[in-house]
Amino acid sequence: MTTARVDHPDAAAEPLGAWLSSLIAELLGLDEQFPAEQPLGEIGIDSLTAAQLSVQVEEHTGAYVPLERFLGDETLDDLVQAMESAPATTAGGAVTGTSA
């Protein structure tokens, strides 16, 4: 079961995959959910939507996801798995929650 990152204070209790799927569907104006194993680049995400997703994902989870990842061959499942296993980072690539 996938859940939102707990290390970010704004992360909701809703499973990360469900939240991200709903967000993508909302931004694309889809009436129904898309298959989690379908490449994200095939569901109609353009660069503006990818940028919006990147910002909203970072605000919601603390995980930085480059907008290019929403435009390629990765699936929702791939992206969620990568987000849950990686430390939260900033847009500049710095890992958050650590001291230098």
Side-chain angles (χ1 to χ4, degrees):
M1 179 176 172
T2 56
T3 57
R5 294 180 67 94
V6 294
D7 60 336
H8 191 276
D10 295 330
E14 180 179 16
L16 182 58
W19 172 81
L20 186 55
S21 178
S22 295
L23 176 62
I24 292 170
E26 177 184 331
L27 289 174
L28 294 178
L30 302 176
D31 291 333
E32 54 189 60
Q33 299 295 324
F34 56 92
E37 49 295 320
Q38 181 176 9
L40 295 173
E42 294 180 2
I43 62 171
I45 296 175
D46 60 17
S47 58
L48 177 60
T49 304
Q52 291 173 308
L53 287 166
S54 181
V55 168
Q56 289 191 29
V57 165
E58 187 169 9
E59 288 175 353
H60 183 79
T61 68
Y64 173 69
V65 179
L67 65 101
E68 295 84 9
R69 294 189 72 177
F70 293 105
L71 300 170
D73 293 332
E74 286 188 89
T75 66
L76 180 69
D77 287 342
D78 295 336
L79 196 56
V80 168
Q81 184 177 19
M83 288 169 55
E84 289 183 332
S85 64
T89 60
T90 65
V95 176
T96 61
T98 61
S99 57

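- Taking the side chain as every heavy atom from C-beta outward, Leu76 and Phe34 approach each other to under 4.5 Å.
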Contacts under 3.5 angstrom, residues 21-29 side chains, donor-acceptor by atom type, not counting sequence neighbours:
unit_1, atom_1, unit_2, atom_2, d
Ser21, OG, Gln33, OE1, 2.2
Ser22, OG, Ala18, O, 3.0

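- Here the closest heavy-atom approach between residue Phe70 and residue Leu40 is recorded as O-CB, 3.5 Å.
- Among residues two or more places apart in sequence or in another chain, the side chain to side chain donor-acceptor pair (under 3.5 Å) test is passed with Thr75 by Asp78.
- Of all heavy-atom pairs spanning Gly72 and Pro39, the tightest one is O-CB, 4.2 Å.
- The salt bridge (Lys or Arg N to Asp or Glu O under 4.0 Å) analysis of residues 60-71, with sequence neighbours excluded, yields the pairs Arg69-Glu74.
- Note on residues 41-52: pairs passing side chain to side chain donor-acceptor pair (under 3.5 Å), not counting sequence neighbours, are Asp46-Thr49.
- For the pair Leu79 and Val65, the minimum side-chain heavy-atom distance is below 4.5 Å.
- Leu30 and Trp19 fall within a single hydrophobic cluster, where Ile, Leu, Val, Met, Phe, Trp and Tyr are joined by side-chain heavy atoms under 4.5 Å apart, directly or via other members.
- For Leu71, the side chain to side chain contact (heavy atoms under 4.5 Å, CB included) partners are Ile45, Ala50, Leu67, not counting sequence neighbours.
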